[in-house]
Amino acid sequence: MRNVVIGFLGATLDQGRRRSWRPSVQICAQPNFPIDRLELLHDRRHLLLAEKVARDIVALSPQTEVLLVDMELDNPWDFQEVYGKLYDFAESYGFDEDREHYYVHLTTGTHVAQICWFLLTESRHIPASLLQSGPPRGEASPNGTIDVIDLDLSRYNALQRRFEAEAREHSHMLRGGIPTRNAAFHGLIERLEQVVTRSDEPVLLVGEAGVGKSTLAQRIYELKLQRRRVKGRLVHVNCSGLQGAHAMAALFGQRRNVVGLAGTERAGFLSEAEGGVLFLDDIDLLPHPEQALLLDALESGRYYPVGSDTAQSCRFQLIAASSRDLSTLGQQGLMRPDLLARLAIWVFHLPPLRDRREDMEAELTYELEEAERRLGSKIGFNVDARTRYLHFAKDPAMKWLGNYRDLSASARRLCTLAERGRITLPMVETEIGTLTRQWAATQRDGDLALLAEILPDPAGMDEFDRAQLAAVVRACREASSLSAAGRRLFAFSRQEKVSQNDADRLRKYLARFGLNWERVAGG
């Protein structure tokens, strides 16, 4: 096999004026690395030097064939030009790997050329190894040194392990240091880590109240700040407060002497978030005019403060949150379809606490540590008390309607009332009673609010009927069809029937209250 080396002429190094070592010449004089052909890339300005180098190589190594290749570069430091010329060179070369080994000489040429050589060899556009030469190191290497840089997989594997470790650290950061055994949640966090560290597009967090949307937005911001994707602040805005005449001024700012508004000038939340992250919580409560202007600011990078004829540029990243699903927001007309489409690029549905019961113990430990930090004292569970609490917390019948807010409040109550720093079984029993009563009241209020969407006077119904009908309505809204809802609601009793017409059973049940599938499913 013949050894073929390709490299740039060293416009300074190969002249050998200040030092005897000339890389393009002496690379051909290595006793253990015979070079059969050297292809020397040069431009017209350095043709005389290239010819001199060729003569010196032949004198030193007669068996080496030297080919001078004219490559004109207007700017050898322009990445696009250098890469394009080398790419064209590689495409037209005609490599013969059955007869020749190819090497690219990295020592000569600009740093841009070295980067381009690496990219082209790594992608196999040039099927070559990288060759690095160096000056003599004493009498043992009078013609200098050479090193073949083999792009072997083991080095890539080591780098890949570093990248994977960094990704795990970022996922750990997004989880707040709390481990998870829930595969779905683990996958969600890994995907979110990829998105927020690679993309500046808006992110929409969807989940019930109390699932941690605000906390996660804070962690996303901290990760973006760590990765230098943002430099500015995190500006947290609850859209429920952006109502009335001052909503637009609060969001976009206001100039002095605006007719009908107070004359105080204000910057606005978009201005405060410049270079950082704007977190719009409960974005479905943002009024439609502000939604339209927000979309325009996202797409054009400009907006007009209230009372101003001059557009102001803006550069911020958006995180939005909602407790309602996108389809619901669109159907109920709560959000403009064009803004919804813009936010729908990256949507993350955060699971409620009841869907992560395998993580309950880790979440409880975290909340206890937070409560201890606030109180400034060390507090622990008695063994029987901890066992009882976790059994209750993991019970599928426990809905945890307030999600992590309920768990956090529960931990704070237990820690505050723990005498001598111990949480006892009677304390846990009392706390279970508190949570159960709280959820029952919330459930009744939620049932009333739900049924009020489809019935004129749900408060006049028997409590039994109200609870049962509310459960049926929820099942219908989570199902894709009347039949699917019927199969879910009659999953056990249907097995005892000869004719399993679940849809008809459900239709008749709804008719008792003057309801039909379309009314219930559509709200």
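FYI, side chains are in, hydrogens and waters are out, and symmetry mates aren't considered; it's all heavy atoms of this structure.
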(request) Might you work through the side chain to side chain contact (heavy atoms under 4.5 Å, CB included) test for Thr416 and Arg413, ending with a clear yes or no? (result) CA-CA 5 Å; Thr416 301; Arg413 284 193 293 266; 5.9 Å; no
(request) Begin from the C-alpha positions of Ile454 and Val473 and carry the test side chain to side chain contact (heavy atoms under 4.5 Å, CB included) through to its verdict. (result) CA-CA 10 Å; Ile454 55 176; Val473 171; 3.7 Å; yes
(request) Evaluate the side chain to side chain contact (heavy atoms under 4.5 Å, CB included) criterion for residues Trp346 and Val196: first the C-alpha distance (whole Å), next the side-chain angles of each, then the deciding distance (0.1 Å), finally the verdict. (result) CA-CA 10 Å; Trp346 297 114; Val196 301; over 6 Å; no
(request) Carefully, step by step, assess Thr180 and Asp359 under the rule side chain to side chain donor-acceptor pair (under 3.5 Å). (result) CA-CA 6 Å; Thr180 179; Asp359 291 339; 2.5 Å; yes
(request) Begin from the C-alpha positions of Phe348 and Leu204 and carry the test side chain to side chain contact (heavy atoms under 4.5 Å, CB included) through to its verdict. (result) CA-CA 6 Å; Phe348 294 90; Leu204 177 61; over 6 Å; no
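Taking the six-membered ring for Trp and thresholds of 30 and 60 degrees, Phe392 and Tyr389 have ring planes more than 60 degrees apart, a perpendicular arrangement.
Judged by distance alone, the side chains of Gln312 and Tyr304 never bring a donor and an acceptor atom under 3.5 Å apart. Arg175 and Tyr366 share no donor-acceptor pair across their side chains, judged by distance under 3.5 Å alone.
With rounding to the nearest 0.5 angstrom, the CG atom of Leu119 is 5.0 Å from the CZ atom of Phe79. Note: Met360 CE to Arg354 CZ = 10.5 Å, rounded to the nearest 0.5 Å. Note that the CZ atom of Arg437 and the OG1 atom of Thr442 stand 12.5 Å from one another [nearest 0.5 Å]. Within the model, atoms CZ of Arg356 and OH of Tyr404 stand 3.5 Å from one another, a figure rounded to the nearest 0.5 Å. To the nearest 0.5 angstrom, Ile115 atom CD1 is 12.0 Å from Leu120 atom CG. Remark: Glu367 CD to Asp406 CG distance equals 11.0 Å, nearest 0.5 Å.
Ion pairing between a basic and an acidic side chain is recognised when a charged N comes within 4.0 Å of a carboxylate O; Arg388 and Asp384 show no such pairing. We find that Asp502 and Arg487 are not joined by a salt bridge, their nearest charged nitrogen and carboxylate oxygen being 4.0 Å or further apart. Salt-bridge check for Glu222 with Arg219: failed, with every basic side-chain N at 4.0 Å or more from each acidic carboxylate O.
Within a 6.0 Å radius of CZ in Arg191, no more than 12 heavy atoms belonging to other residues, nucleotides or ligands are found. Enclosure of atom NE2 in His186 is not indicated, since only 12 or fewer non-hydrogen atoms of other residues, nucleotides or ligands lie within 6.0 angstrom. In the displayed structure, Arg405 atom CZ is contacted under 6.0 Å by at most 12 heavy atoms of other residues, nucleotides or ligands. Within a 6.0 Å radius of NZ in Lys394, other residues, nucleotides and ligands contribute more than 12 heavy atoms. In this structure, Glu299 places its CD atom where more than 12 heavy-atom neighbours from other residues, nucleotides or ligands lie under 6.0 Å away. More than 12 heavy atoms of other residues, nucleotides or ligands sit less than 6.0 Å from atom NE2 of His349.
Contact annotation: the side chain of Leu489 never approaches that of Tyr509 to less than 4.5 Å [non-hydrogen atoms, C-beta and beyond]. Between Asp281 and Val237 the shortest side-chain heavy-atom distance does not fall below 4.5 Å. Side-chain contact between Leu417 and Met427: present, with at least one pair of heavy atoms (C-beta onward) separated by less than 4.5 Å. Contact check for Cys415 versus Leu368: side-chain heavy atoms found under the 4.5 Å cut-off. The shortest distance between side-chain heavy atoms of Leu506 and Phe490 falls below 4.5 Å. The shortest side-chain heavy-atom distance between Phe316 and Val277 does not fall under the 4.5 Å cut-off. Under the 4.5 Å side-chain criterion, counting only non-hydrogen atoms from C-beta, Arg422 is not in contact with Ile379. Taking the side chain as every heavy atom from C-beta outward, Leu251 and Tyr303 never approach each other to under 4.5 Å.
No donor-acceptor pair under 3.5 Å is formed between the side chain of Arg302 and the backbone N or O of Ser313. Remark: side-chain polar atoms of Trp400 are paired, donor with acceptor, to backbone N or O of Ala393 under 3.5 angstrom. Between the side chain of Gln243 and the backbone N or O of Leu285 there is at least one donor-acceptor pair closer than 3.5 Å. In this structure a side-chain-to-backbone donor-acceptor pair under 3.5 Å is present from Gln291 to Arg336. Remark: the backbone N or O of Phe464 is not paired with any side-chain donor or acceptor of Asp462 at under 3.5 angstrom. Without hydrogens or angle criteria, Lys213 side chain to Glu208 main chain gives a donor-acceptor distance under 3.5 Å. Although no hydrogens or angles enter the test, the distance criterion places a donor-acceptor pair under 3.5 Å between the side chain of Arg466 and the main chain of Met461. A donor-acceptor pair under 3.5 Å is absent between the side-chain atoms of Asp282 and the main chain of Ala321, judged by distance alone. For the pair Asn382 (side chain) and Leu425 (backbone), a donor-acceptor distance under 3.5 Å is absent. The backbone N or O of Leu106 sits less than 3.5 Å from a side-chain atom of Gln114, completing a donor-acceptor pair.
Each of Arg477, Arg519, Arg474 was checked for a salt bridge (Lys or Arg N to Asp or Glu O under 4.0 Å) with Glu453, and the lone residue meeting it is Arg477.
What you find for Leu455 and Leu469 is that their closest heavy atoms are CD1-CD2, 3.7 Å. For the pair Cys239 and Ile283, the tightest heavy-atom approach, listed with the atom from each and the gap, is SG-CA, 3.9 Å. For the pair Glu274 and Arg315, the tightest heavy-atom approach, listed with the atom from each and the gap, is OE1-N, 2.9 Å. Residue Ala217 comes nearest to Ile319 through the heavy atom pair O-CD1, 3.9 Å, listed as atom of the first residue, atom of the second, then distance. Closest approach of Arg255 and Gly307 over heavy atoms only: CB-O, 4.0 Å. The shortest heavy-atom contact between Thr197 and Arg229 is O-NH1, 3.0 Å.
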